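Take a look at the structure set out below.
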Amino acid sequence: QHLPYNSTKYYHQPPHPTMPPTLRLRATGAASGGGGSQVETSELQRFSRPNRAPAVLRLKPVTQEAQLEAFRYSSGTTAIVTETDDFVEVSDGPPGSGLCQGERRSHDGVWTERFIQQTGVRGGAGAGKGAKGNGKGKGSSAQSRDFGQRMGRNSQLGQRWKESWQKSDDKEAGSQNLQVERHVQEVDDLDAADDAEVLQEWEETEVWMEPLQGQSASSSSSSSSAAAATPPSAPANGQVLMSRTWTQTGRDRRSGRTWKRTLTRRQVQREDEVVEESDEELEETEVNGDTRGSTRKRVGRSLETSEWGNERGGANKWRSSYSLQTLVNSSGEVCTRECIRKWYNNGEEEQNEEWETLDEYERAGNSRSASSANLLASDMKLRRRIKSGRKDGRQFVGEETEWHERWENQEVPINGELKVRRKKLEKWWRENAKNNAWGEHSVAEIDRNGGMESLEQRKWYDNGTERQDEKWTERPDGSADGTKEGARGSERWGEKWIRTSTGEAGQQTVEKWHDDGLGKKVEHKEGKRWVENKDVEWHHQEIGEVVGQGETWTVNGGGNISGDVWYEAWKEKQDEKSCLKTGRNAQGDTWRENWVEEYDTSGIRVRQQAEKEGSNARGDAWYETWIEEQEQKKRALKRGSNAAGEEWTEEWGEEARPDGSGYKWTSKWADDGLGNRWGDNWGDEWGSGGDGGKRWVEKWNNKGQNEKHNHDTSGRPEH
């Protein structure tokens, strides 16, 4: 808004604008003598009408209601009138001196300015003052300088300005340089002159450097040496070919706001191409101490911008940035990277966010050129797009909660359309005041048709006392696998499982472990197999130990849909060993077996005990048990029955006392299921050292027959 004229391409209108097609000469008066109109055609197009009256030009009104205001400028007979699409200029000066003065006005009358300028000062002779009045008085004839001043106003913007400028052309260096200093004021009333209230004012400086237009390799000459002149050498890598820098420093007198704005644009030789580069920077300060600013940097196809702010005392701060980069590696692989970042801190909460889009390209055919001149050319095609982001935040009050998030989507072109092939999301939270944290995570792999190939998930928590981490992956065919780990103080536990699936059938295995931190460790395995959603087989196993106490155990079990079921358990302690087996099968058979061994502190077995029983589908059943204590005491019992109703029992025992005496005995009986029962028993007893004893025998039945007898023996029998 500070510029009083069209600045689409330039910050400054050239001293003599190039004549547009609409250029017209408007002048009144009679020609004297035979002098006709003369038109000089050059880069700076002028019209000269000698011996004519002063030019008169009528401007368009500011509003439709306003009357036409005449713009009259009286001068000598060499006045020049130039019209562009935006403004009209009238200038005059001594012919051939390069000195001229004049006035410009916009077509709508909104802005106007007066100027005076000196052009064509060459070498050191007559070198005028520059923008600061410190012109250079030395130089070759190949150098020329222009300088001048401007003063203007803009009624629509309420602005007035003063400006001094200096331009120098160095044909030997092939460059043109321009320096401008401008002071601008925005006032409440332009017509009040020095009595106007200044609302805003700022200082501007501009520095240009650009190559001369149409500069040849050597000056024109008819000599052979000139004809053989060597063409200019190519620009060096990194050489600045053109640069323009604009700086503005100002103050708003109403609000006290101050600002500084800098803009630089340049063309730089990079390898075999010319790269456009630009830098912009803005910083503002409010009267209360609040500050904010922004930057913008472009290099070729790469762009970076940022904004920031800070309230007085740092109670509220924010930043944001944007970058767009085109990158190529030594192998010729090309990618573009777009990134957005945001951050704020309001004293109670802080948050940082980032979004990024990365496009990876590949070249058609075998082209592997790494030159950036043909980046993203027609032979390039998108190979993959990766969109990602992150969010981190925290609260400084209450439970002091933190939150974090990471996400990523990968897209690939399929049949001319970008489709997502991978999605990743991770979130976690933390309550610092309670030392409590938890999170979740997921990764989805997607096929070409949009269906799910796999879904990986994770959930975890940690409250300072207990923590657990669970991960699992699921697939569309029903197969899956996962793990789980946890801890509470010194206690630890974990789990691992796998599930496979083939159509309507599948199987799953699970492995678990647990450590109570006190020496007890347990491993557990279980599995099953199913067909058509029905379990057809299953099994489990447990292995454990108590560290340092010599205690271990193993438990196995299983079954199937046919009716088979089995169970086994082995246990071992320092003073005991035991085993238990049970089961049944599809035919109706059942069984149970267990045994126990007991040991003293020296590891000597002091007692054994066993028990067995079983039955079958026909109705047969049996039972057996025995006990033995260090060859000193033994006892056994057997009994059975069958489907016919028959039953039988057999029992025997033996005991040996420390002095060598003892006894043993046997007892049997039976029932045929038809009402008949019978039995017999016998025994031996002997004295100390195994000498001297007696034997007894008894036979009986339910028919009243009973036979008993006994006699003395020499001692303990051999059998």
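These numbers were taken from a predicted model, which means no experiment stands behind them.
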- Query: Is there a side-chain contact (heavy atoms from CB on, under 4.5 Å) between Asn154 and Trp161 once you walk through the steps?
  - Reply: CA-CA 9 Å; Asn154 187 314; Trp161 61 88; 3.9 Å; yes
- Query: Which is it for Ser321 and Glu304 under the side chain to side chain donor-acceptor pair (under 3.5 Å) test, yes or no, and what are the steps along the way?
  - Reply: CA-CA 7 Å; Ser321 65; Glu304 295 183 5; over 6 Å; no
- Task: Give the C-alpha distance, both sets of side-chain angles, the deciding distance and a yes or no for side-chain contact (heavy atoms from CB on, under 4.5 Å) between Thr112 and Glu103.
- Result: CA-CA 7 Å; Thr112 179; Glu103 185 173 348; 3.1 Å; yes
- Would Arg114 and Gln101 satisfy side chain to side chain donor-acceptor pair (under 3.5 Å), going step by step from the backbone distance to the final call? CA-CA 8 Å; Arg114 297 181 182 276; Gln101 60 182 349; over 6 Å; no
- Starting from the C-alpha separation in whole Å, work towards a yes-or-no answer on side chain to side chain donor-acceptor pair (under 3.5 Å) for Tyr344 and Glu349. CA-CA 8 Å; Tyr344 72 84; Glu349 181 176 289; 2.4 Å; yes
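Ion pairing between a basic and an acidic side chain is recognised when a charged N comes within 4.0 Å of a carboxylate O; Glu276 and Arg298 show no such pairing. Glu353 has no carboxylate O lying under 4.0 Å from a charged side-chain N of Lys342, or vice versa, which leaves the two without a salt bridge. In this structure, Arg182 pairs ionically with Glu206, as a charged nitrogen and a carboxylate oxygen lie closer than 4.0 Å. Contact check on Asp290 versus Arg257 returns no salt bridge, with no Lys/Arg side-chain nitrogen under 4.0 Å from an Asp/Glu carboxylate oxygen.
Remark: side-chain polar atoms of Asp359 are not paired, donor with acceptor, to backbone N or O of Arg385 under 3.5 angstrom.
Taking CD from Glu408 and OG from Ser388, the interatomic distance works out to 6.0 Å, rounded to the nearest 0.5 Å. Taking CG of Asn288 as the reference point, atom CD of Glu311 lies at 8.0 Å (rounded to 0.5 Å). The OG atom of Ser320 lies 11.5 Å from the CH2 atom of Trp343; values are rounded to the nearest 0.5 Å. Rounding to the nearest 0.5 Å places CD of Gln185 at 13.0 Å from CZ of Arg153. In this structure, OG1 in Thr247 is found 15.0 Å from CH2 in Trp202, a value given to the nearest 0.5 Å. Distance check: Arg319 CZ to Trp308 CH2 gives 11.0 Å after rounding to the nearest 0.5 Å.
For Gln239, the CD atom is densely surrounded, since the number of other residues' heavy atoms within 6.0 Å is greater than 12.
Under the side chain to side chain contact (heavy atoms under 4.5 Å, CB included) test applied with Glu411, the options Lys387, Arg384, Glu417 reduce to a single match, Lys387.
There is a side-chain donor-acceptor pair under 3.5 Å between Ser106 and Asp108.
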